[in-house]
Amino acid sequence: MIMIFIFISYYTNFLISLFASSLHRRRRQRKGERSQIGDTMTVAAGVGYVLIALGPALSLFASVIAKKPFLILTLLSSTLFWLISLIILAGAWRAFLPVKSTELWSYSLLILTSVGFQEGIRIGFWRLFKKMEDMLNAFADRVSKPRLFLTDKMLLALAGGLGHGLAHAVFFCLSLLTPAFGPATFYVDKCSNIPFFLISAIIALGFVIIHTFSMVIAFNGYIEGKRKDQIFVPFAHLIAALITLINLVPGGCNIGLPLLCIMAGTTLYYSWQLVWRRLTEHQTTRSSD
Amino acid sequence: MDDRSTDSDPVTAGESSILDTLGEDVIRIVSPVSLCMLLVVLLVSSLSSTNDLSSSISSLFLSSTTPTSFSSLNLLLLGSDSTWEEIKSALITALSFVVVVTLLTFLLVLLFYFRCTSFLRIYMGISSLFVLSFLGGFISLLLISHFKIPIDPLTFAILLFNLSVVGVFAVFMSKFPISMNQGYLVAIGVLTAYWFTMLPEWTTWALLIAMSLYDLAAVLLPVGPLRLLVELAMSRNEEIPALVYEARPVDPQLGDRVRVWRETTDVSIEATENSTNSANVQTVQETRLAVSEEITAPLIEAFPQTGDRHLGTEEEEDGIGLGSSGAIKLGLGDFIFYSVLVGRAAMYDYMTVYACYLAIMAGLGVTLLLLAVYRKALPALPVSIMLGVVFYLLTRVLLEVFVVQCSSNLLMF
């Protein structure tokens, strides 16, 4: 119920922000008087962009993660972990930046190395998770409480993935949104029909979903040892990152954005099927005991 | 994702997992620190527009407040404005601040030794009244002029007076609801932190690093004033009168929402909570004492209270310790310096804000972990501030170029 409410409010704010940005464009064409209403509408636009990027993440947080304090801690540490991975990547690439915009191959190299590094680090994240799971189980034994359930492990994976998605959304989208709260908007040359903030918010939304649920898929794959799941995650990440390369072409974002959303939907569907299957299997094994 | 939450109920029906309650204490410290930082960031970002009348007023005001005038005095003496001179003046300011704080803390130890606790309490009450009324009034005036809020002087004066007096009582009287106490402590932290962010940039960073080094020395060295204070308080079984945020939950079973010291003697309660990598640990045996006129805080055996530190005109407690009921206590000075770091990061860009926030949370987690392992009063500043400064530099130098380059070309991974 909370989630439905949050989704409704998020979509209304999305509509308000679209309306506000279009209205503001019309308002700017009138003879220049600065009004107070214009200022507050652009705050609405900024908040709208934030909600577009982070809406599902916020609703996931409020309905699932905020209820268990340990998941909040997992979220924070996961965000820190992926931030460190981004800093290492930035450090490695610092000497080669800024890249000239005509060289497509250098951008693809950037993407390939970054995705490869992040997927490699994911295995390290999995090892840390195993260690934490062992510690938690030892603690549970000492306090004579039951060990971690399957749903607990999935919740931890969800929190870890949400941390990854949050790190992406915050550093790639939110930190650049400060001008969006002011009385103007910004367009990139290669994509001149959608404001830059809206594009980055939608891309961030896609990646939040992809990262969150790939972590669930990946952890299930590592627990069960299924190759298919383990391969799916880096594959999906790579395809999603390569899709954003389409944005380099003028007008490419009209194709790139929907493709990215399709990719996010695919990841979501795959994770749904996986979780459904595992939980029904688990329930049947439990009821047959 | 409704599937997940509804499916977990039949599986765990009747059995609670450890995941439900683990880490609660840590979250109860993390939330007010995050709230304080968020408020300071909001204040800094909304009040720092450069072409406003209010900012020119505030810059007029600032030339008469102490820290900036001190450093501008230094600049005046050194005569030039280059970066190296700025750094030198920043170092001088920071060192002089640390020296003043050390002297005042030693004075505090002396006063505590001679049992002038009522004097200390009155002094702290006056300093929190000062913070809430003067600083609170100043910042509210900035906000009012920035957002053009229509309010007349009389209403403003009455509101300010009421809020500050209630704040002083909430912080020092034990019969107030603890959520009010916690709220007013956070408010005092926000106001002081915002005031500190008004310092020039190099001075702020030098001050942060100097204070974290001082904190490390004062709590851990045997001659450190904070350690002396803690040992004195322990040997006398008294509570240090100081501004401390105690992350104790509101206990609904006790009827009224009041912080209650149970006055029965010789009731020993054993609370066993075991450790994990992020929860606070103790195997506690509590003995409670009742004292005639003053309700003293029961002390955990062999668990010292937190340390003390002066901060300019006011007295706050520093460091992390274990409170009487096993709740974590964090000194208000820590709140203030974390928020100063994040506020200063906000003056550059939001990316640094997020990075510094995560670094400070990580540092806090590490400190709590160390607290669980070592079980004595620990300085809460050094790890977090050092991590925060490192992440600020890394983000500013490395990450920002990378991320801006990627996202301005709409390339994301």
Side-chain angles (χ1 to χ4, degrees), chain A residues 60 63-64 68-70 72-73 76 79-80 83 86-87 89-91 93-94 97-99 101 107 111 114-115 118 132 135-136 139-140 142-143 145-146 148-149 151-152 154-155 168 170-172 174-176 178 188 190-191 199-200 203 207 241 244-245 247-248 253 275-276 279 282-283 286, chain B residues 1-5 7-12 15-28 30-31 45 148 272-279 349-355 357-359 361-362 365 391 394-395 397-413:
Chain A
L60 266 178
S63 56
V64 175
K68 309 201 181 209
F70 194 74
I72 306 180
L73 293 175
L76 281 177
T79 314
L80 182 72
L83 165 66
L86 278 177
I87 289 181
L89 273 174
W93 271 95
R94 180 72 176 90
L97 294 174
V99 182
S101 58
Y107 280 127
I111 294 275
S114 314
V115 173
Q118 283 206 325
M132 185 178 69
M135 275 194 268
L136 283 176
F139 173 66
R142 252 184 297 165
V143 201
K145 274 200 171 168
L148 284 179
F149 297 113
T151 48
D152 288 335
M154 285 204 209
L155 281 175
H168 175 100
V170 159
F171 288 99
F172 279 98
L174 289 192
S175 47
L176 302 172
T178 323
V188 205
K190 304 218 174 74
C191 204
I199 306 174
S200 72
I203 295 181
F207 270 106
T244 58
L245 271 180
N247 292 329
L248 283 176
C253 58
V275 170
W276 189 260
L279 284 177
H282 186 78
Q283 225 170 339
R286 268 181 74 92
Chain B
M1 296 306 111
D2 288 302
D3 313 316
R4 198 163 287 130
S5 47
D7 262 332
S8 64
D9 296 335
V11 177
T12 61
E15 302 173 50
S16 63
S17 147
I18 47 166
L19 220 55
D20 289 334
T21 50
L22 197 60
E24 238 173 1
D25 293 320
V26 181
I27 291 296
R28 270 193 228 115
V30 162
S31 328
S45 48
K148 303 182 180 45
T272 46
E273 286 176 41
N274 291 305
S275 65
T276 64
N277 54 355
S278 61
D349 192 23
Y350 276 132
M351 207 181 296
T352 45
V353 169
Y354 300 124
Y357 171 74
L358 288 173
M361 286 298 135
F391 269 74
L394 283 178
T395 308
V397 169
L398 295 178
L399 189 62
E400 188 166 358
V401 178
F402 183 70
V403 167
V404 168
Q405 168 86 145
C406 282
S407 16
S408 54
N409 286 306
L410 299 175
L411 274 182
M412 301 190 194
F413 53 86

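Per chain, numbering begins at 1; letters A, B, ... match sequence-line order. All figures in this text were calculated on a predicted structure; none of them were measured in a lab.
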> Which residue out of Glu400(B), Met361(B), Glu24(B) racks up the most heavy-atom pairs below 4.5 Å with chain A?
Replying inline: Glu24(B)
>> Looking at every non-hydrogen atom in both residues, tell me the closest pair between Phe171(A) and Val403(B) and how far apart they are.
In response: O-CG1, 3.1 Å
> Say you draw a straight line from CD1 of Ile27(B) to CG of Leu76(A); how long is it, rounded to the nearest 0.5 Å?
Replying inline: 6.5 Å
> What pairs with Leu174(A) under side chain to side chain contact (heavy atoms under 4.5 Å, CB included), at least two apart in sequence or on another chain?
Replying inline: Val50(A), Leu54(A), Val170(A), Leu177(A), Tyr354(B)
>> With rounding to the nearest 0.5 angstrom, report the OH to CG distance, Tyr357(B) to Leu83(A).
In response: 13.0 Å
> How far does CG of Leu398(B) sit from CH2 of Trp93(A), to the nearest 0.5 angstrom?
Replying inline: 14.5 Å
> What is the distance from atom CG of Leu410(B) to atom CD1 of Ile203(A), rounded to the nearest 0.5 Å?
Replying inline: 5.0 Å
> Looking at Val404(B), Leu394(B), Val401(B), which has the largest count of heavy-atom pairs under 4.5 Å with chain A?
Replying inline: Val401(B)
> If only atom types and distance count, is the side chain of Arg94(A) paired as donor or acceptor with the main-chain N or O of Val397(B) below 3.5 Å?
Replying inline: yes
>> Please give me the minimum heavy-atom distance between Phe402(B) and Ala90(A), naming the atom from each residue.
In response: CB-CB, 3.6 Å
>> Is Leu399(B) in contact with chain A via its backbone, its side chain, both, or neither, using a 4.5 Å heavy-atom distance?
In response: both
> Tell me, side chain or backbone of Ser408(B) under 4.5 Å from chain A's heavy atoms, or both, or neither?
Replying inline: backbone
>> Could you work out, with disulfide (SG to SG under 2.5 Å) as the rule, every residue matching Cys406(B), not counting sequence neighbours?
In response: none
> Where on Ile199(A) is there a heavy atom nearer than 4.5 Å to chain B: the side chain, the backbone, both, or neither?
Replying inline: side chain
> Closest heavy-atom contact between Leu176(A) and Ser407(B)?
Replying inline: CD1-OG, 3.2 Å
> Measuring heavy-atom distances to chain A, does Val30(B) have an atom under 4.5 Å in its side chain, in its backbone, in both, or in neither?
Replying inline: side chain
> If every non-hydrogen atom of Phe413(B) is compared with every non-hydrogen atom of Ala241(A), which pair is closest and at what distance?
Replying inline: CB-CB, 3.9 Å
> Looking at CG of Asn247(A) and CG of Asn409(B), how far apart are the two atoms once the value is rounded to the nearest 0.5 Å?
Replying inline: 9.5 Å
> Do Met412(B) and Ser200(A) have side chains that get closer than 4.5 Å, going by heavy atoms?
Replying inline: yes
> Roughly how far, to the nearest 0.5 Å, is the CG atom of Leu22(B) from the CG atom of Leu73(A)?
Replying inline: 8.0 Å
